[in-house]
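Below, chains carry the letters A, B, ... as their sequence lines are ordered, and counting in each starts from 1.
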Amino acid sequence: MTATPASAKSKGGRKGPSALLTSVLVLPAGLWYLLLLVTPLIIVTVFSFGVRAKNGGYSPAFTFDNYIKLITQPQRLEPFFTSIWMALGGTIGCLLVGLPLAYFIATRARRRKGLLILMLVIPFWTSFLIRTYSWLIILGKDNLGGMIGTLIGNPDFRILGTPFAVLLGLVYGYLPLMVFPLYVTLERMDRTLVEASKDLGAARLATFRQVTLPIALPGLITGSILVFIPMIGEYVIPAILGYGRTFLMGNALVDAFLQTRDWPFGSAMAVGLILVMLVTVSVYVWFVNRGRITRDVSVL
Amino acid sequence: MSAATPATTPVAAPAAAPVVRRGRAGKDPWAWVVEAWLRGHASLAYAFLYLPIVIVVVFAFNDNKLATTWTGFSLRWFGEVFKDQVVQAALRNSFSVAIPTAILSTTFGTMAALGLQRTPRRFKMVFDALTYISIIVPEIVIALSTLVMFASGFELLQSTTGIKLQMGVPTIVAAHMLFNISFVLLLVRARLDGMDRTLVEASFDLYASPWRTFRQVTFPQLLPAVVAGFLLSFTFSFDDYVITSFVSGPGSSTLPIFIFGQVKRGVTPETNAVATMMLFFTLAMLAVGQFTLGRASRKTGGSGTGGMAGMIAEQA
C-alpha cells in the first residue's frame with residue numbers, strides 16, 4: 001500500500017537512497033526482533049518439548065508430555081479458562097462503561113472533545129501498577145470494603161482477593177483502550193443518518209440498534225480485541241487485587257517458571273497462551289478482510 | 001443557540017422557541033432524558049478513572065503511618081523518601097533504563113519506518129508480522145521467555161568461555177527496546193503514510209540531494225511522531241513492571257519494582273510518595289508532548305483532536 005509512492009518515484013529515475021542505505025536503516029530494528037523476540041520464542045517452543053531438570057530448569061528431550069499434562073489434567077487447564085472468562089467479563093464491562101462514554105465524547109462540541117480525550121489519555125499514560133494498587137486502599141477494609149461490610153452486617157466481608165476485585169481492576173485498567181477506537185468510529189459517524197432515521201419515525205432505541213450500532217461496530221470489535229487480548233495475559237492485576245488467589249494464566253506461568261521451576265511445562269503453557277492469542281487475532285483479521293471492519297480503525 | 005434568541009426578540013420569543021425545539025427533537029421527548037443519562041454516565045466514568053490516581057496523591061500527604069486512613073496533611077513522607085537509599089538507587093536505575101531505552105528505540109524505530117518504505121513487499125510483510133507479534137504476545141510471556149533466554153545464554157557462556165555475565169540495566173534496556181521500537185515504528189509510519197508526498201517530489205525537482213530532502217522536508221514533517229515516540233517509549237520504559245522485574249539483576253531494581261515489593265508487604269505512605277513522584281515525572285512527559293505537538297499541529301493546520309492526546313487516541 002505504502003510502497004506505491006516509493007516505487008513510483010524510483011520509476012521516475014530520480015536519485016533515491018540506495019539498497020545499502022535501506023538495509024542499514026532496517027538492520028537495528030530487525031536485529032532486535034530477531035534476538036529479543038524470535039529467539040526467546042523459539043527457545044520457549046523448544047523447551048516445551050523437554051523435561052524438567054532435577055533441580056529445576058530445562059533438560060533436553062523430545063516429548064509431548066507437557067502438552068499432554070496440560071490437556072489431560074483439569075487443574076492445569078483451569079487457569080486458561082479462568083483467564084478467558086475473566087477477560088470476557090472484563091471486555092463486557094469495558095463495553096458497558098465505554099460505549100456510552102465514547103458516544104458522549106463524540107457528540108460534544110469540537111473543543112470539548114479534545115479536552116475529554118486528553119482526560120482519557122492521562123489515566124492511560126499513568127503507571128498501570130500505581131493505578132492498580134490504589135484500589136487496595138479504596139477497596140480495603142478501612143474504606144469501601146469495610147463500609148459495605150458494616151452496611152450488610154457482615155464484618156468478614158471482603159472485596160480484595162475475590163474475582164470481583166480482579167474484574168474491577170481489569171475494567172478499570174483497560175477502559176481507555178476500549179473508548180479510543182469506539183470514539184474514533186462514532187466521531188466519524190454521519191449525524192444526518194441519525195436525524196434521517198428519526199425523521200422516518202424510528203424510535204430512539206430502533207435508531208440506536210439499526211443506525212448507530214452498525215456504524216460503531218468496527219470500533220466495537222477493535223476495542224474488544226484491544227482489551228481482550230492483554231486481559232488474557234494479565235499478571236499484575238490478579239497478583240495485586242486478587243492476592244494471587246484468582247489464578248490467571250499469567251500467574252500460573254510465573255508459578256511454573258519461578259516457583260516449581262518446571263520450565264518445560266511453563267513453556268508449554270506459554271505456547272498454549274500464544275496459540276489462544278493467534279486464534280483470536282486470526283478471527284479478527286478474517287473479519288477485517290471480509291470488510292466488516294474498515295481499515296482505518298483496525299489495529300492491524 | 002436557540003436559548004439566545006428570546007433575549008434579543010422578547011416579543012416573538014414565546015411563539016418561536018417551541019417551534020425551534022420541535023424541529024430539532026420534537027418527535028423525541030426523551031432526548032433530554034438520554035442526554036442527562038449520558039452526562040451522568042460520563043461524569044461517573046471519569047470519576048471512576050481518576051479516583052485511584054487522586055487517592056494515591058492525597059494519601060502521599062497523609063500524616064498517618066497507616067496508609068489507609070486520613071489523619072492530617074504532612075510532607076514528611078517525601079522527606080523520608082528522599083533520605084531512603086533504596087528509593088534513590090531505584091530512581092537512578094529507572095532513569096538509566098528509561099533514557100537509553102527511549103533514545104535507542106526512537107532512533108531504531110524511526111530508521112526502520114523509513115527503511116521499510118522501500119523494502120521488497122515480502123520482507124515488509126514479515127517485518128510487520130514481527131512488529132505486531134511483539135505487541136500482541138502478552139508481556140508476561142515475553143518477560144519469561146526473555147528471562148529463560150538470558151539465563152540459559154549466560155550459563156552457556158560461562159560454561160564454555162568462563163565469562164560471567166549477569167542480568168542488570170543492560171538486559172532491561174534490551175528487553176524494553178523490543179516493544180518500544182514497535183510503538184515508535186507504528187507511530188512514525190502512520191505519519192509517513194499521511195505525509196504530503198508532493199513536497200518530497202518538489203524538493204527532488206529542485207535538485208536537492210536525498211540527504212538534504214530528508215533533513216529539510218521529510219524529517220520536519222516526521223518530527224511530531226518522533227517526539228511522541230520518544231516520550232511514549234520513555235514513559236512505557238519508566239512505568240514498566242512486568243518485563244523489568246524478570247530481566248533485572250541484583251542492584252538494578254527500578255521504581256516500579258520497589259513499589260510492587262512495597263505493595264506486597266502492605267501499602268505505606270512512603271509507597272504513595274514514591275508513586276506520586278513517578279506520576280509527576282510521567283505526566284510531565286505528557287505535558288511536554290501535548291505542548292510541543294499541539295503547537296506543531298496548529299502550525300500545520302492539523303486535524304482532529306490534535307496534540308499528543310489525539311495522536312494516541314487515533315493510534316489505538
Revision key, fill the gap. For M111(B) and V24(A), the nearest pair of non-hydrogen atoms, with its separation, is CE-O, 3.6 Å
**Study point:** Ring centres under 6.0 angstrom apart (W125(A), F234(B))
**Key:** no
Point to revise | F108(B), F179(B), Y132(B), F127(B) screened by ring-ring contact (aromatic ring centres under 6.0 Å, His included) with Y33(A), the one that passes | key: F127(B)
Check your understanding: Side chains of L147(B) and L258(A): does their closest heavy-atom pair fall under 4.5 Å?
Key -> yes
Point to revise | Which portion of L101(A) sits near chain B, non-hydrogen atoms under 4.5 angstrom | key: both
Check your understanding: Counting heavy-atom pairs under 4.5 Å to chain A, which of T131(B), L51(B), I133(B) comes out on top?
Key -> T131(B)
Review point. When heavy-atom pairs shorter than 4.5 Å are enumerated against chain B, which of P230(A), P176(A), G223(A), A239(A) gives the highest number?
Key: A239(A)
Check your understanding: Checking heavy atoms, do the side chain of F128(A), its backbone, both or neither come under 4.5 Å from chain B?
Key -> neither
Revision key, fill the gap. Looking only at S209(B), A174(B), A45(B), most heavy-atom pairs under 4.5 Å shared with chain A are made by A174(B)
Review point. Which distance, rounded to the nearest 0.5 Å, do you find between the OG of S23(A) and the CZ of F123(B)?
Key: 8.5 Å
**Study point:** Pairwise side-chain contact, W32(A) with N180(B), heavy-atom cut-off 4.5 Å (strictly under)
**Key:** no
Revision key, fill the gap. Answer key: most heavy-atom pairs under 4.5 Å with chain B among S127(A), S267(A), A102(A), G233(A) is S127(A)
Practice item. Counting only heavy atoms closer than 4.5 Å, note whether I130(A) contacts chain B via side chain, backbone, both or neither. Key: both
Practice item. Measure distances from L120(A) to the heavy atoms of chain B and classify the residue's part below 4.5 Å as side chain, backbone, both or neither. Key: both
Point to revise | Under 4.5 Å from any heavy atom of chain B - which part of I122(A) | key: both
Check your understanding: What residue in T146(B), T235(B), V242(B) has the most heavy-atom pairs under 4.5 Å with chain A?
Key -> T235(B)
Exercise for review: Heavy atoms only: give me the nearest L38(B)-Y103(A) pair and the separation to one decimal.
Suggested key: CD1-CD2, 3.5 Å
Review point. Passes side chain to side chain contact (heavy atoms under 4.5 Å, CB included), L129(A) versus V263(B)? Steps please.
Key: CA-CA 10 Å; L129(A) 178 64; V263(B) 166; 5.6 Å; no
Practice item. Would you mind checking which part of F214(B) comes under 4.5 Å of any heavy atom in chain A, side chain (CB onward), backbone (N, CA, C, O), both or neither? Key: neither
**Study point:** chain B contact via R112(A) - side chain, backbone, both or neither, heavy atoms under 4.5 Å
**Key:** neither
Practice item. Sort L116(A) into side chain, backbone, both or neither according to what part of it lies under 4.5 angstrom from a heavy atom of chain B. Key: both
Point to revise | Criterion side chain to side chain contact (heavy atoms under 4.5 Å, CB included) on L36(A) and M177(B), from CA distance to verdict | key: CA-CA 9 Å; L36(A) 284 131; M177(B) 278 172 64; over 6 Å; no
Exercise for review: Would you mind checking which part of V254(A) comes under 4.5 Å of any heavy atom in chain B, side chain (CB onward), backbone (N, CA, C, O), both or neither?
Suggested key: both
Check your understanding: Given the options A151(B), G153(B), G115(B), which has more heavy-atom pairs under 4.5 Å with chain A than any of the others?
Key -> G115(B)
Point to revise | Audit row: I240(A), F260(B), side chain to side chain contact (heavy atoms under 4.5 Å, CB included) steps and yes/no | key: CA-CA 9 Å; I240(A) 292 181; F260(B) 191 86; 3.8 Å; yes
Practice item. Just give me the residue among I42(A), I229(A), I138(A) that pairs up with chain B most often, heavy atom to heavy atom, under 4.5 Å. Key: I138(A)
Practice item. Name the region of T110(B), side chain, backbone, both or neither, that has any atom closer than 4.5 Å to a heavy atom of chain A. Key: neither
Study note, to complete from the structure: Note: R131(A) and P52(B) closest approach over all heavy atoms is O-CB, 3.8 Å
Check your understanding: Tell me, which pairs form a side chain to side chain donor-acceptor pair (under 3.5 Å) where one or both residues lie in residues 41-56 of chain B, sequence neighbours left out?
Key -> none
Practice item. Check whether L178(B) gets within reach of chain A through its side chain, its backbone, both or neither, counting any heavy atom under 4.5 Å. Key: both
Check your understanding: CD1/I137(A) to CG/N272(B) distance, rounded to the nearest 0.5 angstrom?
Key -> 4.5 Å
**Study point:** Pairwise distance OG(S145(B)) to CG(L41(A)) - rounded to 0.5 angstrom
**Key:** 5.0 Å
Review point. What option among T280(A), I105(A), L37(A) has the most heavy-atom pairs under 4.5 Å with chain B?
Key: L37(A)
Exercise for review: Select one option (side chain, backbone, both, neither) describing which atoms of L185(B) are under 4.5 Å from chain A's heavy atoms.
Suggested key: side chain
Practice item. Counting only heavy atoms closer than 4.5 Å, note whether W263(A) contacts chain B via side chain, backbone, both or neither. Key: side chain
Point to revise | For T126(A), the option from L283(B), L49(B), V56(B), D239(B) that meets side chain to side chain contact (heavy atoms under 4.5 Å, CB included) | key: L283(B)
Review point. At a heavy-atom separation under 4.5 Å, does L99(A) approach chain B through its side chain, its backbone, both, or neither?
Key: neither
Check your understanding: Any idea which of T276(B), I259(B), V137(B), L104(B) has the most non-hydrogen atom pairs under 4.5 angstrom with chain A?
Key -> I259(B)
Review point. Which residue out of Y172(A), Y58(A), W135(A) racks up the most heavy-atom pairs below 4.5 Å with chain B?
Key: Y172(A)
**Study point:** Interface residue of largest heavy-atom contact number with chain B, from G244(A), P123(A), G98(A), G57(A), under 4.5 Å
**Key:** P123(A)
Practice item. Kindly compute the distance separating CZ (F59(B)) from OG (S134(A)), expressed to the nearest 0.5 Å. Key: 9.0 Å
Practice item. Give a yes or no on whether E35(B) atom CD has more than 12 heavy-atom contacts from other residues, nucleotides or ligands under 6.0 Å away. Key: yes
Review point. Which region of F257(A), side chain (C-beta onward) or backbone (N, CA, C, O), has a non-hydrogen atom less than 4.5 Å from a non-hydrogen atom of chain B, or is it both or neither?
Key: side chain
Practice item. Counting only heavy atoms closer than 4.5 Å, note whether W211(B) contacts chain A via side chain, backbone, both or neither. Key: neither
Check your understanding: Rounded to the nearest 0.5 Å, how far does CG of L25(A) lie from OG1 of T107(B)?
Key -> 12.0 Å
**Study point:** Side chain, backbone, both or neither of L253(A) within contact of chain B (heavy atoms, under 4.5 Å)
**Key:** both
Revision key, fill the gap. Applying a strict 4.5 Å limit to non-hydrogen atoms, the region of P100(A) in contact with chain B is both
Exercise for review: Go through S152(B) and F47(A) one step at a time and tell me if the side chain to side chain contact (heavy atoms under 4.5 Å, CB included) criterion holds.
Suggested key: CA-CA 11 Å; S152(B) 317; F47(A) 277 21; 3.8 Å; yes
Check your understanding: Is chain B contacted by the side chain of V26(A), its backbone, both, or neither, given a heavy-atom distance below 4.5 Å?
Key -> both
